[in-house]
Protein chains: 2
Amino acid sequence: MLWERGYVGTSPKAIQLAADAGQGSMYHHFSGKAELARAAIERSGAELRAAAEEQFDNSGTATERVARYLERDREVLKGCRMGRLTADPDVMADPVLRAPVAETFDWLRARLAEIIADGKQAGEYPAGLDAGRTAATIAAVLQGGYVLARAADSEEPFELAVQGLIQLLEGVVA
Amino acid sequence: MLWERGYVGTSPKAIQLAADAGQGSMYHHFSGKAELARAAIERSGAELRAAAEEQFDNSGTATERVARYLERDREVLKGCRMGRLTADPDVMADPVLRAPVAETFDWLRARLAEIIADGKQAGEYPAGLDAGRTAATIAAVLQGGYVLARAADSEEPFELAVQGLIQLLEGVVA
DNA sequence: GTCTATAGTGCGATAGAC
DNA sequence: GTCTATCGCACTATAGAC
């Protein structure tokens with residue numbers, strides 16, 4: 001529900017209905033809306049890391065590994081569960097809610113940087129290519145692709161952006 | 001206010017306070033919240049195009065023109081006025097509100113594609129580089145850069161992503 | 001064209017019985 | 001642990017006087 005409607009747009013009442021739980025029941029287990037969101041965000045973060053790690057296995061070239069991650073089946077038009085939260089001022093204002101979002105993206109960029117470094121070591125990319133910068137670019141293309149796709153109400157811009165990035169990565173082959 | 005709090009998070013009442021206008025006064029000129037948002041979104045779209053066009057002048061190489069656009073002064077941590085709206089389900093669900101968002105990004109991608117095509121013609125990029133794909137990648141890096149920066153509460157990931165993209169564009173020089 | 005008053009709804013949370 | 005009742009508030013909009 002956070003994914004579709006965001007923090008502001010999701011009410012505890014709606015959560016109770018969806019979970020078929022009573023008012024008192026929910027407030028017995030969670031102190032309130034923020035606590036509910038914290039649990040959901042942390043769980044989403046863990047799931048996203050696990051899903052990414054599946055595509056990051058060591059088979060193939062670095063570009064292939066990145067492409068496999070970017071091109072895996074995604075519900076593009078629904079946007080990114082984590083990225084979406086950065087638009088929510090109430091989430092960004094609360095350190096407890098923002099922390100798992102920050103950590104997820106930090107982890108992703110670090111993981112992508114490792115893959116780029118692998119590619120450099122294998123001679124796939126020139127030694128001058130900055131792994132940290134390139135990793136940030138890859139993560140940004142993914143997040144931005146979601147934004148463009150939602151704006152257009154079409155998956156096409158997402159796919160174009162991903163293909164364009166892959167073409168650039170292939171083009172810098174040492 | 002749409003920029004900071006989004007559509008759901010912005011109340012007509014708050015707009016009246018900020019504009020120092022009365023309740024009746026506002027409803028006399030605008031039919032309601034959606035109409036108010038439509039006016040604001042369309043104006044933002046026009047402003048963003050004008051601002052982009054300033055950096056898109058013909059001086060320099062294609063990469064320089066793209067870099068000038070990406071590196072211009074931006075309030076990175078506030079996010080993109082247009083991109084932010086794609087996270088708002090009420091905006092995306094209303095064709096009247098979504099249309100100016102879609103048009104702004106369509107225009108941007110088309111304009112960037114022209115610049116890439118110029119670069120190909122000038123021999124700056126290989127003939128095989130797809131202008132439409134590359135344009136989508138550039139727009140995505142910009143939007144995704146905002147997302148990463150807000151998640152980290154730091155402009156650094158935005159700058160890394162932009163620099164990484166520029167490095168890739170320089171790397172594919174024909 | 002602008003004002004004040006008010007409607008009707010849903011929000012997030014608490015109280016206290018069972 | 002779960003229930004129902006209720007609180008106080010903000011939301012979006014309308015009504016009707018001036």
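No hydrogens, no waters, no symmetry mates; every other heavy atom, side chains included, goes into these values. Below, chain A is the first sequence line, B the second, and so on; all start at residue 1. Remember, predicted model here, so these are calculated numbers, not experimental data.
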Take the C1' atoms of the five end pairs on each side of the helix from dG1(C)-dC18(D) to dC18(C)-dG1(D), derive the two axes, and give their angle rounded to 10 degrees. 10°
Any His28(B) side-chain N or O less than 4.0 Å from OP1/OP2 of dT2(C): no
For residues Trp3(A) and Arg84(A), report the shortest heavy-atom separation together with the two atoms involved. O-CD, 3.0 Å
Salt bridge between Glu53(A) and Arg49(A), side-chain N to carboxylate O under 4.0 Å? no
Please determine if Asp57(A) and Arg65(A) form a salt bridge, counting it only when a charged side-chain N lies under 4.0 Å from a carboxylate O. no
Roughly how many Å is it from CE in Met26(B) to C1' in dT14(D), rounded to a whole number? 12 Å
Where along residues 4-13 of chain A does a heavy atom come under 4.0 Å from DNA chain C, residue by residue in number order? Thr10(A), Ser11(A), Pro12(A)
Arg98(A) charged N/C atom sitting above Phe105(A) aromatic ring, 6.0 Å / 45°: no
Set of side chain to side chain contact (heavy atoms under 4.5 Å, CB included) partners for Ile15(B), sequence neighbours left out: Met1(B), Thr10(B), Leu36(B)
5' precedence on DNA chain D between Gly24(B) and Lys33(B) (nearest-nucleotide basis): Lys33(B)
Are any of the side-chain nitrogens in Arg5(A) or Asp88(A) under 4.0 Å away from the carboxylate oxygens of its partner? no
Given atom CD1 of Ile15(A) and atom P of dA13(C), what is their separation to the nearest angstrom? 10 Å
Please report the distance, rounded to the nearest Å, between CD in Gln23(B) and P in dA15(D). 14 Å
Are a donor atom and an acceptor atom from the side chains of Tyr146(A) and Arg74(A) found within less than 3.5 Å of each other? yes
Which heavy-atom pair separates Val76(B) from Ala149(B) by the least distance, and what is that distance? CG1-CB, 3.4 Å
Please check the phosphate of dT2(C) (OP1 and OP2 only) for any side-chain N or O of His29(B) closer than 4.0 Å. yes
Taking any heavy-atom pair under 4.0 Å as a contact, classify Gly22(B): base, sugar-phosphate, or nothing. sugar-phosphate
